[in-house]
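Only one structure is covered here, and it is reproduced in the block below.
What you see is a predicted model, and the numbers here were worked out from it, not measured in a lab.
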Amino acid sequence: MAIGQYVAHVVPGLLQTEEYARAVLSVGVTLSSELQLEERLSARTGRQTRLSSDDRPVLRVVLDEAVLRRPVGGPAVMRAQLKRLLDAASERDITVQVLPFDQGEHDVMGGSLTILTLPDGSDVAYTEGAHYGQLIEETDEVRTFALAYHQLTAAALPPLMSLEMIGSVMEENHRGAKVPSRSERRRVAQEQLQQSGRRGLRGSGGRIPRRRPRP
């Protein structure tokens, strides 16, 4: 199973710390009591156990830059949440990217999007706003949303640059941080692909052939 997510406003539930989740769940017109808050918090943290199970899904998350800049729960809670993102990105099967503000408008503005790949290989899409959610199963519509998601992953910072940006925000040095240009992002992405290819060759026992001098 694989989960691809674009989130516009808050860190996705699977990667939230308990304090951050409490702050997020404490607001909203549908919250009616402290008991309901505790039930929602328990359900959210309970779902996170999937990431440590033997059949854990592959998770790829694209965070809008606004997610990093909004201090949900206050500075201390937000700092711990950003640290959690950095730790999560070092785990197997989890990728975190940041979509910077300079990318401008895109097809999923105003909401969040999840593309869920089921064990049989089929996809479903789920779109979500502040007070609504919609499950999409019709093949052509799912394909359209999947394309929009893949375009976002291409526009976002490469994973290593994304982690640098998250770390910069976490250390409150983001005012001096410069978002890399598109050409710089492409260069780093190409280097990462080349490095991944070399690691794959070494990991499989293969050797990278040396070039022989021309006669």
Side-chain angles (χ1 to χ4, degrees), residues 1-99 108-119 124-137 145 149 152 156 159 162-163 165-167 169-172 174:
M1 179 180 290
I3 302 172
Q5 288 186 296
Y6 163 73
V7 290
H9 306 296
V10 297
V11 173
L14 286 173
L15 299 180
Q16 291 177 1
T17 65
E18 183 173 346
E19 294 79 10
Y20 184 97
R22 181 180 295 277
V24 171
L25 295 172
S26 294
V27 297
V29 296
T30 62
L31 184 66
S32 60
S33 67
E34 185 68 23
L35 176 60
Q36 187 183 51
L37 171 61
E38 294 301 325
E39 290 174 345
R40 291 181 177 182
L41 182 61
S42 178
R44 178 158 298 184
T45 56
R47 285 193 292 270
Q48 294 178 355
T49 60
R50 285 294 313 281
L51 296 182
S52 58
S53 64
D54 292 337
D55 62 341
R56 58 177 170 242
V58 174
L59 178 63
R60 184 168 190 172
V61 174
V62 179
L63 306 172
D64 193 280
E65 185 177 344
V67 175
L68 308 183
R69 304 294 184 186
R70 181 173 291 105
V72 173
V77 170
M78 194 63 199
R79 181 182 175 86
Q81 177 60 71
L82 294 175
K83 178 64 165 57
R84 167 61 181 141
L85 287 175
L86 294 176
D87 292 342
S90 68
E91 297 176 12
R92 181 167 61 89
D93 298 330
I94 298 179
T95 302
V96 177
Q97 290 181 262
V98 176
L99 182 70
V108 197
M109 286 182 64
S112 298
L113 171 65
T114 298
I115 303 296
L116 180 64
T117 302
L118 303 175
V124 296
Y126 182 75
T127 59
E128 187 174 13
H131 305 298
Y132 73 89
Q134 181 182 8
L135 180 67
I136 300 160
E137 299 178 274
F145 280 106
Y149 173 74
L152 288 174
S162 295
L163 298 186
M165 187 173 186
I166 294 170
V169 175
M170 186 182 72
E171 297 300 331
E172 299 182 352
H174 55 282

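- One finds the CD atom of Glu91 at 8.5 Å from the CG atom of Leu15 (value rounded to the nearest 0.5 Å).
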(request) Apply the test salt bridge (Lys or Arg N to Asp or Glu O under 4.0 Å) to residues Lys83 and Glu171: give CA-CA distance (whole Å), side-chain angles for both, the deciding distance (0.1 Å), then the verdict. (result) CA-CA 10 Å; Lys83 178 64 165 57; Glu171 297 300 331; over 6 Å; no

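- Here Ile115 contributes atom CD1 and Ile3 contributes atom CD1; the two are 11.5 Å apart, rounded to the nearest 0.5 Å.
- In this structure, CE in Met1 is found 6.0 Å from CG in Leu118, a value given to the nearest 0.5 Å.
- Here the shortest heavy-atom pairing between Ala8 and Ala66 reads O-CB, 3.9 Å.
- At least one side-chain heavy atom of Leu63 sits less than 4.5 Å from a side-chain heavy atom of Pro12.
- Formation of a donor-acceptor pair under 3.5 Å by the Gln81 side chain with backbone atoms of Leu68 is not found in this model.
- With hydrogens and angles left out, the side-chain atoms of Gln16 and Arg84 include no donor and acceptor closer than 3.5 Å.
- Val62 and Ala156 get closest at one heavy-atom pair: CG1-CB, 4.1 Å.
- Taking the side chain as every heavy atom from C-beta outward, Gln97 and Met165 never approach each other to under 4.5 Å.
- Across all non-hydrogen atoms, the minimal contact from Thr17 to Ala80 is CG2-O, 3.9 Å.
- Leu82 approaches Ile166 most closely through the heavy-atom pair O-CG2, 3.8 Å.
- Arg60 CZ to Ile94 CD1: the interatomic distance, rounded to the nearest 0.5 Å, is 13.5 Å.
- When atom types are taken as modelled, the side chain of Tyr20 and the backbone of Val11 share a donor-acceptor pair closer than 3.5 angstrom.
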(request) Please lay out, stage by stage, how Met78 and Glu19 fare under the test side chain to side chain contact (heavy atoms under 4.5 Å, CB included). (result) CA-CA 9 Å; Met78 194 63 199; Glu19 294 79 10; over 6 Å; no

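- Scanning all heavy atoms of the two residues, the minimum distance from Val61 to Tyr149 falls at N-OH, 4.4 Å.
- Remark: Arg70 engages no residue in a salt bridge (Lys or Arg N to Asp or Glu O under 4.0 Å) (not counting sequence neighbours).
- Remark: Glu18 CD to Thr45 OG1 distance equals 6.0 Å, nearest 0.5 Å.
- Side-chain atoms of Ser112 do not come within 3.5 Å of backbone N or O of Val7 as any donor-acceptor pair.
- The two residues Arg56 and Asp93 make their nearest non-hydrogen contact at NE-OD2, 4.0 Å.
- Residues Ile136 and Gln134 meet the side-chain proximity criterion, which asks for heavy atoms closer than 4.5 Å.
- Atom CG of Leu99 and atom CG of Leu152 lie 6.0 Å apart (nearest 0.5 Å).
- In terms of modelled atom types and a separation under 3.5 Å, the side chain of Gln48 and the main chain of Gly13 share a donor-acceptor contact.
- Distance alone, capped at 3.5 Å, places no donor-acceptor pair between the Ser42 side chain and the Glu39 backbone.
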